[in-house]
Amino acid sequence: MEFDYSKLRGRIKEIYGTQDNFADALNMGRVSLSQRLTGKLEFTQEEIMKSCELLKFDPSEIPSYFFTPVV
């Protein structure tokens, strides 16, 4: 199943300016983050929870950021 990460990408830009800056904060390589945002790799539970913290959104919002299906 493919997921739409456009809301997540928007939040990353809003808080960190670039995906590279967010990848650094997440302790992840920029290529690894890109692979996750393009659906080549999956986010781990730990990465999702850390993203909530770094991007300042409530864990109850995880589905809208990480699990919105592409239609």
Q | side-chain contact (heavy atoms from CB on, under 4.5 Å) between L54 and I15, worked out | A | CA-CA 9 Å; L54 293 172; I15 303 291; over 6 Å; no

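- Aromatic ring centres of Y5 and F43: separated by under 6.0 Å.
- T68 places none of its side-chain heavy atoms less than 4.5 Å from the side chain of P63.
- Put simply, the side chain of E2 does not reach to within 4.5 Å of the side chain of P69, judged on heavy atoms.
- In this structure, the side chain of E53 does not engage the main chain of K50 through any donor-acceptor pair within 3.5 Å.
- Across all their heavy atoms, Q19 and I12 have their closest contact at CA-CG2, 4.0 Å.
- No donor-acceptor distance shorter than 3.5 angstrom exists from the side chain of R11 to the backbone of K7, with no hydrogens or angles considered.
- Centroid-to-centroid, the aromatic rings of F57 and Y65 come within less than 6.0 Å.
- Formation of a donor-acceptor pair under 3.5 Å by the D20 side chain with backbone atoms of R30 is not found in this model.
- For E14, the CD atom is densely surrounded, since the number of other residues' heavy atoms within 6.0 Å is greater than 12.
- By the 4.5 Å heavy-atom criterion applied to side chains, F3 and F66 are not counted as neighbours.
- With 3.5 Å as the limit, one finds a donor-acceptor pair spanning the side chains of D58 and S60.
- Of the possible donor and acceptor atoms, one in the side chain of S51 sits under 3.5 Å from a partner among the backbone N and O of E47.
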